[in-house]
Amino acid sequence: MSPRPYPRRSPTSVSAVAAALSVAVASGVAATPAAAERRPVPVSAPAPVPAAASVSAPAPVPAPTPVPAPALAPTLMPVPASVPAPTPAAYAPLLALVDLSARRLATGDLVAAAKWGSGGPLDDSARERRVLDAVARQAAQRGADPKATVRIFRDQIEASKVVQRALHRAWRADPATAPSPAERPDLAEIRLKINRLDDDLVRAIAAARPARAARTCDGLLTVSAAHTRQTRHLDLTHALALARALPSVCEHRP
């Protein structure tokens with residue numbers, strides 16, 4: 001026979017314990033199960049406990065080691081002293097560059113609308129080559145690195161195609177949202193606008209040369225992109241395209 005998990009008390013013993021507890025409360029003595037069958041046994045008063053021993057004092061906590069003031073930058077989180085705290089002057093050139101990139105991406109909507117229904121591909125290698133050659137010449141004229149400028153513009157072109165492809169997929173899925181022939185803009189006029197933005201972007205790339213070469217470029221570029229996404233209220237498609245447009249901005253990147 002398997003043992004019972006818990007011992008059982010008889011109803012009599014339980015009643016006796018309850019009665020003994022009542023007597024103990026009334027008379028100021030302790031009661032035990034045995035007291036139900038015997039007379040209450042007086043319990044001597046406990047020995048006084050010294051006040052210092054009644055509550056154990058917590059172990060002393062060592063004071064934190066003070067950090068020298070120069071090691072903390074005025075940011076939300078401590079950073080090494082060798083990394084300067086971000087300031088508006090530090091990321092302003094990158095912010096201008098990122099904002100121009102976002103403006104260039106907005107023209108991708110117009111290019112997608114102009115090409116919709118034309119039967120032509122979104123990729124236009126001849127046009128892309130002309131753009132890259134033009135920005136290389138402009139970079140050389142403004143004292144910027146032509147190779148770095150071309151590398152950045154390749155990302156700009158690919159980012160624009162991210163927007164165009166996304167819009168064409170959406171319009172194929174729901175033709176009612178696609179632009180009608182009367183609503184399609186003139187591609188030649190859009191390209192003139194893009195050319196002007198490209199000239200401004202080349203200038204911004206040249207002006208941001210110190211920030212692009214700094215070790216803090218990645219962090220400042222992230223701050224600039226977040227600020228641009230918020231102020232320009234970019235949707236998911238354009239936010240992803242903006243991320244695609246920026247990998248080559250910082251010079252230490254491959």
Side-chain angles (χ1 to χ4, degrees), residues 91-118 120-135 138-139 144 149-208 211-212 220-250:
Y91 67 81
L94 289 174
L95 182 59
L97 192 159
V98 174
D99 188 69
L100 280 168
S101 182
R103 289 172 57 190
R104 193 182 194 280
L105 283 175
T107 65
D109 298 45
L110 300 175
V111 174
K115 291 183 177 181
W116 177 253
S118 66
L122 294 179
D123 294 273
D124 188 343
S125 57
R127 160 70 180 174
E128 293 172 15
R129 186 70 261 168
R130 289 194 297 271
V131 169
L132 296 178
D133 290 343
V135 298
Q138 293 168 3
T149 303
V150 167
R151 186 166 60 247
I152 293 171
F153 265 88
R154 283 200 180 99
D155 286 339
Q156 305 298 311
I157 292 171
E158 292 303 316
S160 179
K161 287 190 283 190
V162 168
V163 173
Q164 296 174 46
R165 292 186 185 112
L167 288 174
H168 278 210
R169 283 195 300 269
W171 294 337
R172 284 193 295 269
D174 187 2
T177 63
S180 65
E183 296 171 331
R184 294 173 195 163
D186 185 354
L187 186 57
E189 292 182 2
I190 300 169
R191 285 176 171 170
L192 290 175
K193 180 178 181 179
I194 294 174
N195 291 344
R196 290 192 293 270
L197 284 171
D198 287 350
D199 185 63
D200 291 339
L201 190 53
V202 170
R203 294 174 186 272
I205 292 170
R212 293 191 299 108
L220 297 179
L221 187 66
T222 299
V223 172
S224 301
H227 180 81
T228 301
R229 288 195 302 267
Q230 182 179 16
T231 55
R232 290 198 171 271
H233 307 288
L234 300 186
D235 59 16
L236 180 59
T237 295
H238 290 78
L240 292 174
L242 183 62
R244 179 64 186 87
L246 302 177
S248 297
V249 170
C250 294

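Computed from a predicted structure; not experimentally measured.
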### Message
Test of understanding: with salt bridge (charged side-chain N to carboxylate O under 4.0 Å, His left out), list the residues that count as partners of D109, not counting sequence neighbours.
### Response
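Partners of D109 by the salt bridge (charged side-chain N to carboxylate O under 4.0 Å, His left out) criterion come out as none, since no residue qualifies.
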### Query
Can you list the residues that meet the salt bridge (charged side-chain N to carboxylate O under 4.0 Å, His left out) rule with R244, with sequence neighbours excluded?
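For R244 the salt bridge (charged side-chain N to carboxylate O under 4.0 Å, His left out) partners, ignoring immediate neighbours, are D155.
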### Query
Can you tell me how far the CD atom of Q164 sits from the CG atom of L110, to the nearest 0.5 Å?
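CG of L110 is found 10.0 Å from CD of Q164.
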### Task
Would you give the length of the straight line joining atom CG of L221 to atom CG of L95, rounded to the nearest 0.5 angstrom?
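Rounded to the nearest 0.5 Å, the CG-CG separation comes out at 10.0 Å.
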What is the minimum heavy-atom distance between [X] and [Y], and which atoms define it?
| X | Y | answer |
| --- | --- | --- |
| P247 | A243 | CD-O, 3.4 Å |
| W116 | A178 | NE1-CB, 3.4 Å |
| A102 | R232 | CB-CD, 3.9 Å |
| A239 | R229 | CB-CD, 3.7 Å |
| R184 | G117 | NH2-CA, 3.9 Å |
| S101 | A245 | OG-CB, 3.4 Å |

### Task
For Q138, enumerate each residue passing the side-chain hydrogen bond (donor to acceptor under 3.5 Å, both in side chains) test, keeping only those at least two apart in sequence or located in another chain.
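Per chain and number, Q138 pairs via side-chain hydrogen bond (donor to acceptor under 3.5 Å, both in side chains) with no residue.
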### Task
Applying side-chain hydrogen bond (donor to acceptor under 3.5 Å, both in side chains), name anything that partners K161, two or more places apart in sequence or on another chain.
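Only D123, E128, E158 meet the side-chain hydrogen bond (donor to acceptor under 3.5 Å, both in side chains) criterion with K161.
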Pairwise side-chain contact, [X] with [Y], heavy-atom cut-off 4.5 Å (strictly under):
| X | Y | value |
| --- | --- | --- |
| L201 | I152 | no |
| L242 | H238 | no |
| S248 | F153 | no |
| L97 | R212 | yes |

### Message
If the condition is side chain to side chain contact (heavy atoms under 4.5 Å, CB included), which residues does A206 pass it with, not counting sequence neighbours?
### Response
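Scan of A206 (side chain to side chain contact (heavy atoms under 4.5 Å, CB included), adjacent residues dropped) gives A144.
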Got a list of side-chain donor-acceptor pairs under 3.5 Å for residues 186-198, not counting sequence neighbours?
from	atom 1	to	atom 2	distance (Å)
D186	OD1	A188	N	3.1
R191	NH2	D124	OD2	3.2
N195	OD1	R127	NH2	3.4
N195	ND2	R191	O	3.3
D198	OD1	R104	NE	2.6
D198	OD1	R104	NH2	3.4
D198	OD2	R104	NH2	3.4

### Query
Pick from V131, L132, T149, V135: which one makes a side-chain contact (heavy atoms from CB on, under 4.5 Å) with R154?
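Answer to the side-chain contact (heavy atoms from CB on, under 4.5 Å) test with R154 among V131, L132, T149, V135: L132.
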